[in-house]
Amino acid sequence: MNLSILIPLLNEEESLKELYSWIIKVMQSNNYSYEIIFVDDGSTDDSWNIIESFSNENPNVRGIRFMKNFGKSQALHAGFAKAQGDVIITMDADLQDSPDEIPGLYEMITAQKYDLVSGWKKKRYDSVVAKNLPSKLFNWAARKTSGVALNDFNCGLKAYKNVVVKNIEVSGEMHRYIPVLAKNAGFGKIGEKVVIHQARKYGETKFGMERFINGFLDLITIWFLSRFGKRPMHLFGAIGSFMFIIGFLAAGYIGISKLYHMYTGMKYTLVTNNPWFYIALTTMILGTQLFLAGFLGEIILRTKSNEARYKVAREVNF
């Protein structure tokens, strides 16, 4: 199978028919063998019924319906697990991503041998203050932190080799950082393609300004996980040990200094009256706690179980 088109969605009943017809037109004109996987992330409108009608008329259409809204990352995770195509294309259901970009993305994966190609909405039709400027700041920070040279991490239009999506773990709200996850998994050939961005035709965006705040927090998380996720003791243990040693030496110096003053008959004060003693003691306590945090992290890492992060209500054509 050439292509798996993966579309996560939430309450997009107005755009689904137009999007479906557009994708089918592109598939037929390029003679692709394909599947379209719609993942309904807990829609409360008529989206699922529309998806079922597509699947009844076309066996290449498959659907996954969540019991409630679990988030885009979970929807992508469920779709990646089911995808069978040699190339997986992800796109949003709001018609802001153009299916006409699919052949170009497919070509970059198959002919130019990219592992992952991310769309770049160079010209956007979103609000400048509410989305464009925060997005530019966010993408700059993501580039500097991750080392992945992409201009648009947030673009939902991406193409992947099948082996890539089968070897990355998308959870929480990490869908923004799939290129970083791919890089950390060992897939180094990551490209970018300028794609058409269309103004939203129906409804309203499901994301507000809070997504950028969450995005920066996730960026810190993924930075930490990429460097210390498999060896938390290397960070916490090292810092904890260093702090404990500094505190221990400082406390020892304070104690020895008092004994020396007592021995030589010089004036001295009680150790408990010396504020530096409490600073040293606090440093030792914090160092011990950090060391224990690293130790517990290592234990959790070795005993963790992979719990389901979403519940599927129904599936069609799988």
Checklist entry - Are there more than 12 heavy atoms of other residues, nucleotides or ligands under 6.0 Å from atom NZ of Lys166? => result yes

Checklist entry - Looking at OG1 of Thr272 and CG of Leu270, how far apart are the two atoms once the value is rounded to the nearest 0.5 Å? => result 5.0 Å

Checklist entry - Can we say Asp152 and Lys122 salt-bridge, meaning some charged N sits less than 4.0 Å from an Asp/Glu carboxylate O? => result no

Next on the checklist: When you measure from the side chain of Ser73 to the backbone of Val170, do you find a donor-acceptor pair of N or O atoms at a distance under 3.5 Å?
Outcome noted: no

Item to check | Hydrophobic cluster identity match, Tyr260 and Val271, side-chain contacts under 4.5 Å | outcome: no

Next on the checklist: Looking at every heavy atom in both Ile88 and Leu6, which two are closest together, and how far apart are they?
Outcome noted: CG2-CB, 4.4 Å

Checklist entry - Can you tell if the side chain of Trp120 reaches within under 4.5 Å of the side chain of Val195, non-hydrogen atoms only? => result no

Checklist outcome for this item: Per side chain to side chain donor-acceptor pair (under 3.5 Å), Asp97 is matched among His197, Lys121, Lys158 by Lys121

Checklist entry - Taking atom CE of Met266 and atom NZ of Lys258, what is their separation to the nearest 0.5 Å? => result 15.0 Å

Checklist entry - Ser98 and Met91: which non-hydrogen atoms are nearest, and at how many Å? => result C-CE, 4.1 Å

Checklist entry - Would you say Phe38 and Leu16 make side-chain contact, with heavy atoms under 4.5 Å? => result yes

Next on the checklist: Run the salt bridge (charged side-chain N to carboxylate O under 4.0 Å, His left out) test on Glu315 and Lys82 for me, step by step, so that the C-alpha distance in whole Å, both residues' side-chain angles and the decisive distance to 0.1 Å come before the verdict.
Outcome noted: CA-CA 11 Å; Glu315 295 182 353; Lys82 297 287 187 179; 3.5 Å; yes

Next on the checklist: Quick check: closest heavy atoms across Met1 and Ser33, and the distance to 0.1 Å?
Outcome noted: CA-OG, 3.4 Å

Next on the checklist: Which residue in the set Leu3, Val117, Ile36, Ile7 passes side-chain contact (heavy atoms from CB on, under 4.5 Å) when paired with Ile89?
Outcome noted: Leu3

Checklist entry - Which is it for Asn58 and Ile24 under the side chain to side chain contact (heavy atoms under 4.5 Å, CB included) test, yes or no, and what are the steps along the way? => result CA-CA 10 Å; Asn58 184 348; Ile24 295 299; 3.5 Å; yes

Next on the checklist: Test side chain to side chain donor-acceptor pair (under 3.5 Å) on Ser4 and Glu35; report intermediate values, then the result.
Outcome noted: CA-CA 5 Å; Ser4 293; Glu35 64 179 355; 2.5 Å; yes

Next on the checklist: Between Asp115 and Lys189, does the salt bridge (charged side-chain N to carboxylate O under 4.0 Å, His left out) criterion hold? Intermediate values first, please.
Outcome noted: CA-CA 5 Å; Asp115 296 317; Lys189 194 167 183 182; over 6 Å; no

Checklist entry - Do Ile190 and Leu150 come within less than 4.5 Å of each other through their side chains, counting heavy atoms only? => result yes

Checklist entry - Is there a side-chain contact between Glu12 and Asp94, using heavy atoms and a 4.5 Å cut-off? => result yes

Checklist entry - Are any of the side-chain nitrogens in Arg314 or Asp40 under 4.0 Å away from the carboxylate oxygens of its partner? => result no

Next on the checklist: Would you compute the distance between atom NE2 of His175 and atom NE2 of His77 and round it to the nearest 0.5 angstrom?
Outcome noted: 14.5 Å

Checklist entry - Rounded to the nearest 0.5 Å, how far does CZ of Phe291 lie from OG1 of Thr288? => result 9.0 Å

Checklist entry - How far apart are the C-alpha atoms of Trp48 and Glu52, what are their side-chain angles, what is the distance that settles it, and do they pass the side chain to side chain donor-acceptor pair (under 3.5 Å) test? => result CA-CA 6 Å; Trp48 180 250; Glu52 284 192 317; 3.2 Å; yes

Next on the checklist: Pair Ile64, Phe318 - check side chain to side chain contact (heavy atoms under 4.5 Å, CB included), show working.
Outcome noted: CA-CA 9 Å; Ile64 301 172; Phe318 285 109; 3.5 Å; yes

Next on the checklist: What verdict does the ring-ring contact (aromatic ring centres under 6.0 Å, His included) test give for Phe80 and Tyr160, after you've listed the backbone C-alpha separation in whole Å, the side-chain angles of each residue and the deciding distance to 0.1 Å?
Outcome noted: CA-CA 10 Å; Phe80 286 158; Tyr160 314 80; 5.5 Å; yes

Checklist entry - Is there a donor-acceptor pair closer than 3.5 Å between any side-chain N or O of Arg62 and the backbone N or O of Asn317? => result yes

Next on the checklist: Looking at every non-hydrogen atom in both residues, tell me the closest pair between Ser146 and Phe153 and how far apart they are.
Outcome noted: OG-CZ, 3.8 Å

Checklist entry - For atom CZ of Phe248, is the number of surrounding heavy atoms from other residues, nucleotides or ligands below 6.0 Å larger than 12? => result no

Next on the checklist: Set out, in order, the CA-CA distance, both residues' side-chain angles and the distance that settles side chain to side chain contact (heavy atoms under 4.5 Å, CB included) for Tyr20 and Val61, then state yes or no.
Outcome noted: CA-CA 10 Å; Tyr20 170 71; Val61 175; 3.5 Å; yes

Checklist entry - Is Ile178 close to Thr90 at the side-chain level, that is, under 4.5 Å between some pair of heavy atoms? => result no

Checklist entry - Can you tell if the side chain of Tyr114 reaches within under 4.5 Å of the side chain of Lys161, non-hydrogen atoms only? => result no

Checklist entry - Quick one: does Lys193's side chain get under 4.5 Å of Leu157's, heavy atoms only? => result no

Checklist entry - Of all heavy-atom pairs between Pro99 and Leu19, which one has the smallest distance, and what is that distance? => result CG-CD1, 3.9 Å

Checklist entry - Linking I/L/V/M/F/W/Y whenever their side-chain heavy atoms sit closer than 4.5 Å, directly or via other members, would Leu105 and Val194 fall into one cluster? => result no

Next on the checklist: According to a hydrophobic-cluster definition based on side-chain heavy atoms being under 4.5 Å apart (Ile, Leu, Val, Met, Phe, Trp, Tyr only), do Ile254 and Ile285 belong together?
Outcome noted: yes

Checklist entry - Does Asn2 reach the side chain of Asn30, with side-chain heavy atoms less than 4.5 Å apart? => result no

Checklist entry - Between CG of Leu181 and CZ of Arg176, what distance do you get to the nearest 0.5 Å? => result 12.5 Å

Checklist entry - Closest approach of Asn139 and Asn154, non-hydrogen atoms and distance? => result OD1-N, 4.1 Å

Item to check | Working for side chain to side chain contact (heavy atoms under 4.5 Å, CB included), residues Asp100 and Ile196 | outcome: CA-CA 9 Å; Asp100 289 334; Ile196 298 170; 5.9 Å; no

Item to check | Test side chain to side chain donor-acceptor pair (under 3.5 Å) applied to Ser47 and Asn49, Asp45, Thr44, the passing residue | outcome: Asp45

Next on the checklist: Distance alone, cut at 3.5 Å: any donor-acceptor contact between the side chains of Asp86 and Asn162?
Outcome noted: no

Next on the checklist: Quick check against the 3.5 Å criterion: does Asp41 have a side-chain atom that pairs as donor or acceptor with the backbone of Gly71?
Outcome noted: yes

Checklist entry - Are Val165 and Val163 connected, step by step, through hydrophobic side chains (Ile, Leu, Val, Met, Phe, Trp, Tyr) whose heavy atoms are closer than 4.5 Å? => result yes

Checklist entry - More than 12 foreign heavy atoms under 6.0 Å from OH of Tyr106: is that the case here? => result yes

Next on the checklist: Return the CD to CG distance between Gln289 and Leu296, rounded to the nearest 0.5 Å.
Outcome noted: 11.0 Å

Next on the checklist: Quick one: does any side-chain atom of Glu192 pair with a main-chain N or O of Asn151 as donor and acceptor, under 3.5 Å?
Outcome noted: yes

Checklist entry - For the side chain of Lys17 and the backbone of Glu14, is there at least one donor-acceptor N/O pair under 3.5 Å apart? => result no

Distance-only criterion, 3.5 Å: show the donor-acceptor pairs between side-chain atoms of residues 238-245 and protein atoms not counting sequence neighbours.
from: Ser241; atom 1: OG; to: Gly237; atom 2: O; distance (Å): 2.8

Item to check | Joint hydrophobic cluster, Leu286 plus Trp276, side-chain heavy atoms closer than 4.5 Å | outcome: no

